[in-house]
Amino acid sequence: MKCLVKNESAVGLTLKEKEKPSPNDNEILIQVKKAAICGTDIHIWNWDSWAQEKIKPPMTVGHEFMGEVIEIGDNVKGLELGDRVSAESHIVGSISRNARAGKLHLDPDTVNLGVDRDGAFAEFVSIPFRNVVKLPDSVDDEMGAILDPFG
């Protein structure tokens with residue numbers, strides 16, 4: 001699949017071919033239809049001090065997107081093939097004290113799509129199904145791609 005990758009510790013991104021991801025039992029595979037550029041992506045492109053501290057090249061970037069469900073893990077509930085979806089890009093853990101207390105925003109095991117884990121500036125992205133939001137018909141593809149900042 002084609003994807004945009006922070007391939008080296010320098011300004012810019014590289015268009016590369018990578019293997020299509022395979023979802024685990026708790027994930028879905030999404031064919032990305034639309035993606036949006038966030039300020040985070042600009043930091044990564046510019047390779048500023050924040051990006052130099054956070055990004056470990058090579059990393060497929062991007063976390064604002066929408067697409068279609070094309071593969072479903074064995075434990076996934078509430079989603080079907082062909083569903084139009086977007087996703088929350090902060091993937092929280094489940095074992096920390098804060099996570100178990102329901103304070104997910106304070107979970108130290110949180111990873112970010114397109115920062116700590118390969119992201120959505122790609123033809124396909126896999127993500128835990130609990131992070132996925134099914135899009136109603138009233139939300140067009142462009143708006144679906146920028147739902148993350150509204151969270």
More than 12 heavy atoms from other groups under 6.0 Å of CD1 on Ile37:
no
Joint hydrophobic cluster, Leu81 plus Phe124, side-chain heavy atoms closer than 4.5 Å:
no
Intermediate values then yes/no, side chain to side chain contact (heavy atoms under 4.5 Å, CB included), Val132 and Ile127:
CA-CA 8 Å; Val132 175; Ile127 189 162; 3.7 Å; yes
Separation between CD of Gln52 and CG of Asn46, rounded to the nearest 0.5 Å:
10.5 Å
With side chains defined as the heavy atoms from C-beta onward, is the minimum distance between Asp118 and Val125 less than 4.5 Å?
no
Backbone N or O of Leu79 within a donor-acceptor pair of the Asp83 side chain at under 3.5 Å?
no
Looking at every heavy atom in both Ala99 and Asp107, which two are closest together, and how far apart are they?
CB-OD1, 3.7 Å
When rounded to the nearest 0.5 angstrom, what is the spacing between CG in Asp25 and CG in Asn75?
5.0 Å
Which value, rounded to the nearest 0.5 Å, describes the distance between Leu4 atom CG and Asp41 atom CG?
9.5 Å
For the residue pair Ser22 and Glu27, what are the closest heavy atoms and their distance?
O-OE1, 4.2 Å
Look only at the side chain of Asn7 and the backbone of Thr14, and say whether a donor-acceptor pair between them is shorter than 3.5 Å.
no
Closest contact, heavy atoms only, Arg84 versus Asp141
NH2-OD1, 2.9 Å
Do any N or O atoms from the side chain of Asp140 and from the backbone of Met143 form a donor-acceptor pair under 3.5 angstrom?
yes
Identify the heavy atoms of Leu135 and Gly144 that sit nearest to each other, and give their distance.
CD1-CA, 3.9 Å
Common cluster, Leu113/Val92, ILVMFWY with side-chain heavy-atom separation under 4.5 Å:
no
Got a donor-acceptor contact below 3.5 angstrom from the Arg100 side chain to the Ile95 backbone?
yes
Using every non-hydrogen atom in the two residues, find where Pro21 and Met1 come nearest and quote the distance to one decimal.
CD-CE, 3.6 Å
Counting only heavy atoms from other residues, nucleotides and ligands, does the tally under 6.0 Å from CZ of Arg130 exceed 12?
no
Are the side chain of Glu123 and the backbone of Lys2 linked by a donor-acceptor contact shorter than 3.5 Å?
yes
Same cluster for Met66 and Val85 if Ile/Leu/Val/Met/Phe/Trp/Tyr side chains link at under 4.5 Å?
no
Hphob cluster co-occupancy, Val5 + Ile55, side-chain heavy atoms under 4.5 angstrom
no
Checking the side chain of Asn24 only, and the main-chain atoms of Asn26 only, is there a donor and an acceptor separated by less than 3.5 Å?
yes
Can you tell me how far the CD1 atom of Ile72 sits from the CD1 atom of Ile28, to the nearest 0.5 Å?
7.0 Å
Would you give the length of the straight line joining atom CG of Leu104 to atom OG of Ser94, rounded to the nearest 0.5 angstrom?
9.5 Å
Looking at Glu19, I'd like to know if its CD atom is crowded, meaning that more than 12 non-hydrogen atoms belonging to other residues, nucleotides or ligands lie closer than 6.0 Å.
no
Do Lys34 and Glu142 pass the salt bridge (charged side-chain N to carboxylate O under 4.0 Å, His left out) test, and can you show the C-alpha distance, the side-chain angles, and the key distance before you say yes or no?
CA-CA 7 Å; Lys34 300 277 183 183; Glu142 287 78 17; 3.2 Å; yes
For Cys38, does its backbone N or O pair with a side-chain atom of Glu64 as donor and acceptor, under 3.5 Å?
no
Heavy-atom closest pair, residues Pro128 and Arg117
CD-NH2, 3.9 Å
Lys6 side chain vs Ile44 backbone, donor-acceptor pair below 3.5 Å
yes
Joint hydrophobic cluster, Phe65 plus Phe121, side-chain heavy atoms closer than 4.5 Å
no
If you define the side chain from C-beta out and look only at heavy atoms, does anything of Leu29 sit under 4.5 Å from Val69?
no
Please examine the side chains of Trp50 and Thr40, heavy atoms only from C-beta on, and report whether any two atoms are closer than 4.5 Å.
yes
Walk me through whether Asp116 and Lys56 qualify under salt bridge (charged side-chain N to carboxylate O under 4.0 Å, His left out).
CA-CA 8 Å; Asp116 305 302; Lys56 311 253 184 310; over 6 Å; no
Distance col, row Leu15:CG vs Cys3:SG, nearest 0.5 angstrom, shows 7.5 Å
Sub-3.5 Å donor-acceptor pair from the side chain of Glu88 to the main-chain atoms of His90, do we have one?
yes
